[in-house]
Amino acid sequence: MTEPDFLTETRAFYDAVATEYTELFRDALDRMPMDRAMLGLFADLVRAERPGGRTAELGCGPGRMTGPLHRLGVDVHGIDLSPRMVELARQAHPEVPFSVGSMFDLPFRDGELTGVVAWYSIIHTRRSGCPRCSPSAPGCSPPAAT
């Protein structure tokens, strides 16, 4: 099956800018109190819903949200289209599992996830594709999603 052009283009773009993107946003969360508060609340919600339950960050990039979620005690798995982004995420956060993949083809069983984070990643999807990557999609039916 042929991959949609927007996935191929998004992967190529982020592979090309991965190092610069990582440097640009490395400490950005330190300057974003509302983002930190949202992550903290999200972590509280998923831990309360199912202690020890797994969460996925879709479009995780270099792990700039995945790492903090892990430090907040969330069992989180990062997934990104860009192999280079995943490589950088693994270097920055070796204690967190990361894999190359797509939010349109998740490697999780139905009900396996307690939460899903898609921080600035669904902006790359076409409106018609979003229902397939929503929390109600197969393998992605958590009670807590952001």
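Computed from a predicted structure; not experimentally measured.
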Hey, are the side chains of [X] and [Y] touching, using non-hydrogen atoms and a 4.5 Å cut-off?
X	Y	result
Arg47	Leu72	yes
Arg54	Pro97	yes
Val117	Phe42	yes
Asp80	Phe98	no
Val74	Leu39	no
Met85	Val100	no
Arg36	Leu29	yes
Glu20	Phe25	no

Please name the pair of heavy atoms, one in [X] and one in [Y], separated by the smallest distance, quoted to 0.1 Å.
X	Y	value
Pro68	Gly63	CD-O, 3.9 Å
Ser82	Arg11	CA-CG, 4.2 Å
Val116	Thr55	N-CG2, 4.2 Å
Thr22	Pro62	OG1-CB, 3.3 Å
Gly61	Ala89	O-CB, 3.6 Å
Thr10	Phe6	OG1-O, 2.6 Å

Rounded to the nearest 0.5 Å, what separation is found between the [atom1] atom of [X] and the [atom2] atom of [Y]?
X	Y	atom1	atom2	result
Ser99	Leu106	OG	CG	9.5 Å
Glu95	Arg90	CD	CZ	13.0 Å
Leu81	Glu9	CG	CD	12.0 Å

Report task. For the pair Glu112 (side chain) and Arg109 (backbone), establish whether a donor and an acceptor sit closer than 3.5 Å, ignoring hydrogens and angles. Result ->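 Indeed, once roles are kept as given, a pair shorter than 3.5 Å links the two residues.
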Query - side-chain hydrogen bond (donor to acceptor under 3.5 Å, both in side chains) partners for Arg84, two or more places apart - result: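 Counting only residues at least two positions away or on another chain, Arg84 forms a side-chain hydrogen bond (donor to acceptor under 3.5 Å, both in side chains) with Thr19, Glu87.
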Query raised in the report: Excluding sequence neighbours, so at least two apart, what forms side-chain hydrogen bond (donor to acceptor under 3.5 Å, both in side chains) with Glu23?
Result: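 Residues passing side-chain hydrogen bond (donor to acceptor under 3.5 Å, both in side chains) with Glu23: Arg26.
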Query raised in the report: Does a side chain donor of either Thr114 or Glu49 reach within less than 3.5 Å of an acceptor in the other side chain?
Result: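 No pair is found: no donor N or O on one side chain lies under 3.5 Å from an acceptor on the other.
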Report task. In sequence, state the C-alpha distance, the side-chain angles, and the governing distance for Val96 and Val76, and then conclude on side-chain contact (heavy atoms from CB on, under 4.5 Å). Result -> CA-CA 7 Å; Val96 179; Val76 62; 4.2 Å; yes
Query raised in the report: Ile79 and side-chain contact (heavy atoms from CB on, under 4.5 Å): which partner among Ser121, Ser102, Pro107?
Result: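 Going through the options one by one, the only one that passes is Pro107.
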Query raised in the report: Which pairs with one or both residues in residues 59-82 pass ring pair (Phe, Tyr, Trp, His ring centres under 6.0 Å), sequence neighbours excluded?
Result: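 Residue pairs passing ring pair (Phe, Tyr, Trp, His ring centres under 6.0 Å), neighbours aside: His77-Phe108.
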Query raised in the report: Counting heavy atoms not belonging to Asp35, are there more than 12 under 6.0 Å from its CG?
Result: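 Atom CG in Asp35 is crowded, with more than 12 foreign heavy atoms closer than 6.0 Å.
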Query - Intermediate values then yes/no, side chain to side chain donor-acceptor pair (under 3.5 Å), Glu57 and Thr66 - result: CA-CA 6 Å; Glu57 183 185 6; Thr66 322; 2.2 Å; yes
Query raised in the report: Under a single-linkage definition using a 4.5 Å side-chain heavy-atom cutoff for Ile, Leu, Val, Met, Phe, Trp and Tyr, are Leu24 and Tyr14 assigned to the same hydrophobic cluster?
Result: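 Yes; Tyr14 is reachable from Leu24 via cluster members.
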Requested in this report: Answer yes if Val86 and Leu88 sit in the same cluster of Ile, Leu, Val, Met, Phe, Trp and Tyr residues linked by side chain heavy atoms under 4.5 Å apart, and no otherwise.
Outcome: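 Looking at the clustering, Leu88 is in a separate group from Val86.
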